[in-house]
Amino acid sequence: MRLSRYFLPVLKETPAEAQIVSHRLMLRAGMIRQASAGIYSWLPLGYKVLRRIEDIVHEEQQRAGHIPVLMPTIQSADLWRESGRYDDYGQEMLRIRDRHERDMLYGPTNEELITDIFRAHVGSYKALPLTLYHIQWKFRDEVRPRFGVMRGREFLMKDGYNFDLTKEDALHAYNRHLVTYLRTYERLGLQAIPMRADSGPIGGDDTHEFLVLAETGESEVFYDSAITDLTFGDRAIDYDSREECRAVLEEFTSRYARTDETHDEALFNAIPEERRKSARGIEVGQIFYFGTKYSEPMGAMVTNEAGERVPVHMGSHGIGVSRLVGAIIEASHDEKGIVWPESVAPFGVGIVNLKQGDAAADAACEDAYAKLAAAGLDPLYDDREERAGAKFATMDLIGLPWRLTIGPRGLAAGTVELTRRKTGETQELSLESALAKLTA
RNA sequence: CGGAGCGUAGCGCAGCCUGGUAGCGCAUCUGCUUUGGGAGCAGAGGGCCGGAGGUUCGAAUCCUCUCGCUCCGACCA
């Protein structure tokens with residue numbers, strides 16, 4: 001993409017309403033624009049990052065055999081009356097009436113809809129296990145939206161639902177989801193710690209929240225510092241293996257890690273003092289096992305091997321996709337701007353032409369641009385008639401992993417500069433070596 | 001939902017108290033000079049001062065109502 005033809009409305013000054021760093025940087029980098037309280041338009045740069053996160057979430061879900069679907073945002077109140085949640089959910093649910101005076105709602109979550117789909121089409125235990133998920137916009141009418149996309153009213157969420165014959169099967173699905181989430185967050189460049197949590201209006205016995213440690217987090221968390229040494233890494237795992245999935249769950253949840261909702265002072269104090277940590281965290285996902293809470297009232301039954309009709313065991317699992325954009329920035333930025341992990345960066349490399357209009361610089365930039373694009377690196381070429389300082393400031397702000405700086409002075413000496421955003425480390429080398437390094 | 005604020009140009013703000021027909025910086029456009037970390041000079045465009053009523057000869061300014069947004073708290077997958 002040529003910056004001169006892109007739409008990147010960066011701001012020099014910080015809008016007054018933005019309190020936390022991710023919100024400020026998203027506004028300044030031209031990623032979002034507030035439409036109303038807690039509701040945002042995603043501008044090109046923000047949208048690209050959002051889509052890249054979505055892609056990773058999809059890949060990790062499908063790797064585990066989970067099947068993508070897409071359910072609507074607007075739902076009928078009737079299904080929610082069946083589950084009993086229409087009255088329970090309270091004012092956080094946006095209620096709508098259509099022209100025929102039917103009660104509708106903008107979905108805050110999808111247990112009812114997915115259960116309806118399941119019961120309409122599945123009647124035999126032979127179709128199990130089944131996990132369906134989607135990535136769709138949700139609306140929760142928060143009393144007080146704040147912090148930009150971190151706590152919006154409208155937000156993009158991946159929500160998945162597993163259907164299993166027995167509790168044991170459903171618990172395996174729970175463990176399997178925990179593994180997919182660990183992998184997903186690590187690919188996003190985040191350390192997200194699973195913590196025992198409260199189930200809230202979803203209900204159920206077993207639930208873990210995933211929290212990213214950040215000063216601006218909304219939750220207070222308490223944990224054994226040994227847990228931050230754990231990484232899932234690139235290990236191979238058989239998602240169908242109950243033993244392997246349970247081992248991962250045990251590895252990642254055996255040490256103390258809880259939010260203030262479930263914090264237990266006595267257990268916490270049993271940890272050696274030097275490992276006792278309290279911090280703030282951003283909740284980026286949660287997994288639940290809730291058994292037959294929805295399948296029983298809504299009649300999601302299958303016939304088992306013995307010919308009996310039994311309610312299926314279910315769980316649900318969510319990742320706050322739009323919130324993750326903010327969470328990643330909270331976890332990865334500096335005083336100059338955003339520092340994107342390579343996996344979600346909106347462009348792979350930025351090309352800065354120090355002297356637009358200089359024949360040698362223009363030619364070298366065009367050459368680099370064409371080659372990097374051909375190599376699939378999705379370069380952003382700053383070909384604007386701007387001074388070097390302005391171009392550097394823009395690149396630093398939007399946080400691309402690499403910056404290729406090309407100018408007449410360097411070209412005369414046969415070099416260009418390659419700078420790593422994360423460290424600021426710059427090396428001077430020939431254009432050919434720089435391209436080779438980037439495309440390696 | 002309790003408390004506190006704020007709505008004036010794309011962004012950041014002044015003007016309001018003490019009414020007289022709107023201003024500054026950044027951004028934008030034009031020209032010239034500049035050109036390796038957010039350039040300088042000169043000029044230009046852009047506003048029904050959130051909305052509706054009211055008071056007044058006259059309202060951004062005073063009064064009433066209303067809408068929107070933000071912050072603190074409570075609440076909250």
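Hydrogens, waters and symmetry mates play no part in the numbers below; they use all other heavy atoms, side chains included. Numbered from 1 within each chain, the chains take letters A, B, ... in sequence-line order.
- Between the base of B:G38 and the side chain of A:Arg28 there is a donor-acceptor pair shorter than 3.5 Å.
- Exactly one of A:His317, A:His177, A:His58 qualifies for a ring pair (Phe, Tyr, Trp, His ring centres under 6.0 Å) with A:Tyr133. That residue is A:His58.
- Both A:Phe147 and A:Gly389 lie close to RNA chain B; mapped to their nearest nucleotides by heavy-atom distance, the more 5′-ward contact belongs to A:Gly389.
- No donor-acceptor contact under 3.5 Å links the side chain of A:Arg146 to the base of B:U70.
- Counting non-hydrogen atoms under 4.0 angstrom, A:Arg153 reaches nothing in the nucleic acid.
- Inter-residue side-chain proximity for A:Leu404 and A:Leu372 is flagged as met; some heavy-atom pair is nearer than 4.5 Å.
- In this structure, A:Arg81 satisfies the cation-pi test against A:Tyr86, with its NZ or CZ atom closer than 6.0 Å to the six-membered ring centre and inside 45 degrees of the ring normal.
- Nucleic acid contact for A:Gly410: base, since at least one base atom lies under 4.0 Å from a heavy atom of the residue.
- Across all strands shown, B:C75 forms no Watson-Crick or G-U wobble pair with both key distances under 3.5 Å.
- Pair assignment for B:A22: none, as no Watson-Crick or G-U wobble contacts are both less than 3.5 Å.
- Side-chain to base pairing of A:Glu13 with B:G25: one donor and one acceptor N or O lie within less than 3.5 Å of each other.
- Across all strands, A:Glu218 comes closer than 4.0 Å to no nucleic acid atom at all (heavy-atom distances).
- Residue A:Gln19 is in sugar-phosphate contact alone, with no base atom involved, counting any heavy-atom pair closer than 4.0 Å across all strands shown.
- Aromatic rings of A:Tyr381 and A:Tyr369 (six-membered ring for Trp) have centroids within the 6.0 Å cut-off, being under it.
- Between the side chain of A:Arg144 and the base of B:G3, no donor-acceptor pair under 3.5 Å is found.
- Among the atoms of the strands shown, only primed sugar atoms or phosphate atoms (P, OP1, OP2) are found under 4.0 Å from some heavy atom of A:Ser36.
- At a threshold of 4.0 angstrom between heavy atoms, the contacts of A:Ala388 are confined to the sugar-phosphate backbone, with no base atom among them.
- Judged by Watson-Crick or G-U wobble contacts below 3.5 Å, the nucleotide B:C49 has no partner.
- Searching all strands for a Watson-Crick or G-U wobble partner of B:C32 with both distances below 3.5 Å returns B:G40.
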